[in-house]
There are 2 protein chains.
Amino acid sequence: MKLDDIDKRILRALQRNGRMANNDLANEVGLSPSPCLRRVKLLEEAGVIDRYVAVLNPASIDKGLTFFTRIWLKTQDEDTIQHFATEVAKLPQVMECYLMLGDCDALVRVVAADVNDYRRFQSEHLSRIKGVQNVKTDVPSWTIKYTSELPI
Amino acid sequence: MKLDDIDKRILRALQRNGRMANNDLANEVGLSPSPCLRRVKLLEEAGVIDRYVAVLNPASIDKGLTFFTRIWLKTQDEDTIQHFATEVAKLPQVMECYLMLGDCDALVRVVAADVNDYRRFQSEHLSRIKGVQNVKTDVPSWTIKYTSELPI
DNA sequence: GCTTCTCCGCAATTTGGTTGCGAAGATTGT
DNA sequence: ACAATCTTCGCAACCAAATTGCGGAGAAGC
């Protein structure tokens, strides 16, 4: 979809505040309310805007820590990978999971309350997925940046 | 903050749809509109709900690829790290950046249109940050899961 | 068992979302 | 260059949802 400057301004604004009132949004991007709303609806229908979400503070719901887990599979055949993907997708503690080329087979970002919480998760869920040969955990000591705002 | 079952239901619902109408939300969590809205406002004021955002489709704005970059710094002293953190935070292509213990010093998730776009970013921005000694890029071949919904 | 505190639901009010239409500007073809 | 057409705007009326105040019920504490 072709996006002009106004569309981009709309997307930037809605990435900052997804609940901005249409009147305010229209004002910010230099449009009157009705064409502004029309553009937003088009961006939604075109799938440029995928959805709107509330962003929670992880610490306040006892999910303040992030862990990166590198995973090695026993084999890299289609079935093993497919099964791994299906099982990982079911685990709500897993926020991100990528299949990697090179070093490890998969990289997973997990949220947990503390190290014990994570250890339990690793041994009771991650390691038990069929096909998982080895896991190694990397612990960030500090989150420098974590954003949902794509550059546009 | 203490969260009861209804609060958790509210948070789950708003993580799925941050623009859900209050009436629908109230209905879903088993409350009438006004106490439901009151709870939402409290959750916002308490910082449990940090903000609301529009989630864009990265591909549709030409940011369809993710790259992980591991970074090694020349030294790990406070000044070097602080400077690195400040500079990385300024780069809009950087979605996540963590300081790591062990293997590398920092792990960065970057979005780009394609490999050329990424290469340009790496050489023109990442590598030029003072104190950066070495970078290595890992490319996910497939994103199994990527969510903003915290388990609650 | 009485008081107090908390939290709910109802109803009125206000605010913002939504739609239809006419006009202005841009674009294309002659 | 001009005319026809298409696009996209702004205005205004309408409709729906958010917001607020208040009275009452239930739970907790004394």
Side-chain angles (χ1 to χ4, degrees), chain A residues 1-63 113 147-152, chain B residues 1-63 113 147-152:
Chain A
M1 185 187 179
K2 203 182 160 297
L3 303 172
D4 64 15
D5 274 0
I6 296 180
D7 290 322
K8 289 177 183 175
R9 278 202 289 268
I10 289 175
L11 294 174
R12 272 190 285 266
L14 289 179
Q15 280 196 111
R16 269 187 288 107
N17 179 4
R19 269 194 168 181
M20 182 176 272
N22 183 53
N23 286 4
D24 297 341
L25 180 62
N27 189 56
E28 181 171 327
V29 304
L31 233 54
S32 71
S34 70
C36 180
L37 185 66
R38 213 170 303 144
R39 279 169 181 263
V40 171
K41 296 294 174 197
L42 284 174
L43 290 167
E44 291 169 0
E45 281 160 26
V48 179
I49 297 175
D50 183 51
R51 62 191 194 281
Y52 300 89
V53 302
V55 177
L56 308 190
N57 177 353
S60 70
I61 57 166
D62 239 44
K63 291 286 177 298
T147 183
S148 58
E149 290 183 37
L150 289 164
I152 186 170
Chain B
M1 186 184 177
K2 204 184 158 297
L3 303 172
D4 65 14
D5 275 0
I6 297 180
D7 290 322
K8 289 178 182 175
R9 279 202 288 268
I10 288 175
L11 294 174
R12 272 190 286 265
L14 289 178
Q15 280 197 110
R16 267 187 289 107
N17 179 4
R19 269 194 167 181
M20 180 176 274
N22 184 55
N23 286 7
D24 297 342
L25 179 62
N27 189 56
E28 181 172 327
V29 304
L31 235 50
S32 72
S34 70
C36 180
L37 186 66
R38 213 170 300 145
R39 278 170 182 265
V40 172
K41 294 295 173 195
L42 284 174
L43 290 167
E44 290 169 359
E45 281 160 27
V48 178
I49 297 175
D50 184 51
R51 62 193 196 279
Y52 300 89
V53 302
V55 177
L56 308 189
N57 177 352
S60 70
I61 57 166
D62 238 44
K63 290 287 177 298
T147 182
S148 58
E149 291 184 36
L150 289 163
I152 186 171

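Since we're looking at a predicted model, the values are computed, not measured. Residue numbering restarts at 1 for every chain, and letters A, B, ... go by the order of the sequence lines.
Here C/dG16 presents its C1' atom at 13 Å from CG of A/L25, a figure rounded to the nearest Å. In this structure, B/M20 places its CE atom 18 Å from P of C/dG17, rounding to the nearest Å. Following rounding to the nearest Å, B/N27 (CG) and D/dA18 (P) show an atom-to-atom distance of 13 Å. One can place CG of B/N17 at 14 Å from P of D/dA17, the figure rounded to the nearest angstrom. Across the protein-nucleic acid pair, A/L42 atom CG and C/dT19 atom C1' stand 15 Å apart, rounded to whole Å. Per the geometry, NZ belonging to A/K2 stands 14 Å off C1' belonging to D/dT8, to the nearest Å. For the pair A/L37 CG and D/dA17 P, the interatomic distance rounds to 14 Å; values are reported in whole Å. For B/R19 and C/dT18, the CZ to C1' distance is 13 Å, given to the nearest whole Å.
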Query raised in the report: Where do B/L42 and B/D7 land on the side-chain contact (heavy atoms from CB on, under 4.5 Å) test, with the steps shown first?
Result: CA-CA 10 Å; B/L42 284 174; B/D7 290 322; over 6 Å; no
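For the side chain to side chain contact (heavy atoms under 4.5 Å, CB included) test with B/L25, the passing option among B/M20, B/R39, B/R9 is B/M20; the others fail.
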Close N or O pairs between protein and nucleotides 6-9 of chain C (under 3.5 Å):
residue: C/dC8; atom: OP1; partner: B/R39; partner atom: NE; Å: 3.2
residue: C/dC8; atom: OP1; partner: B/R39; partner atom: NH2; Å: 2.8
residue: C/dG9; atom: OP2; partner: B/S32; partner atom: N; Å: 2.8
residue: C/dG9; atom: OP2; partner: B/S32; partner atom: OG; Å: 3.0
residue: C/dG9; atom: N7; partner: B/S34; partner atom: OG; Å: 3.2
residue: C/dG9; atom: O6; partner: B/R38; partner atom: NH2; Å: 3.2

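The shortest distance between the side-chain N/O atoms of B/N23 and the OP1/OP2 oxygens of D/dA18 is below 4.0 Å. Phosphate contact (OP1/OP2 of C/dT18, side-chain N/O of A/K41, threshold under 4.0 Å): present.
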Please set out all donor-acceptor pairs under 3.5 angstrom arising from side-chain atoms of residues 53-63 of chain B, sequence neighbours excluded.
residue: B/N57; atom: OD1; partner: B/A59; partner atom: N; Å: 3.1
residue: B/S60; atom: OG; partner: B/N57; partner atom: O; Å: 2.8

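Counting heavy atoms from C-beta on, the side chains of B/L14 and B/L43 never come closer than 4.5 Å. Side-chain contact between A/R12 and A/I152 is present, with heavy atoms from C-beta onward closer than 4.5 Å.
Judged as a side-chain hydrogen bond (donor to acceptor under 3.5 Å, both in side chains), the pairs with a partner in residues 21-37 of chain B (not counting sequence neighbours) are, in order, B/R16-B/E28.
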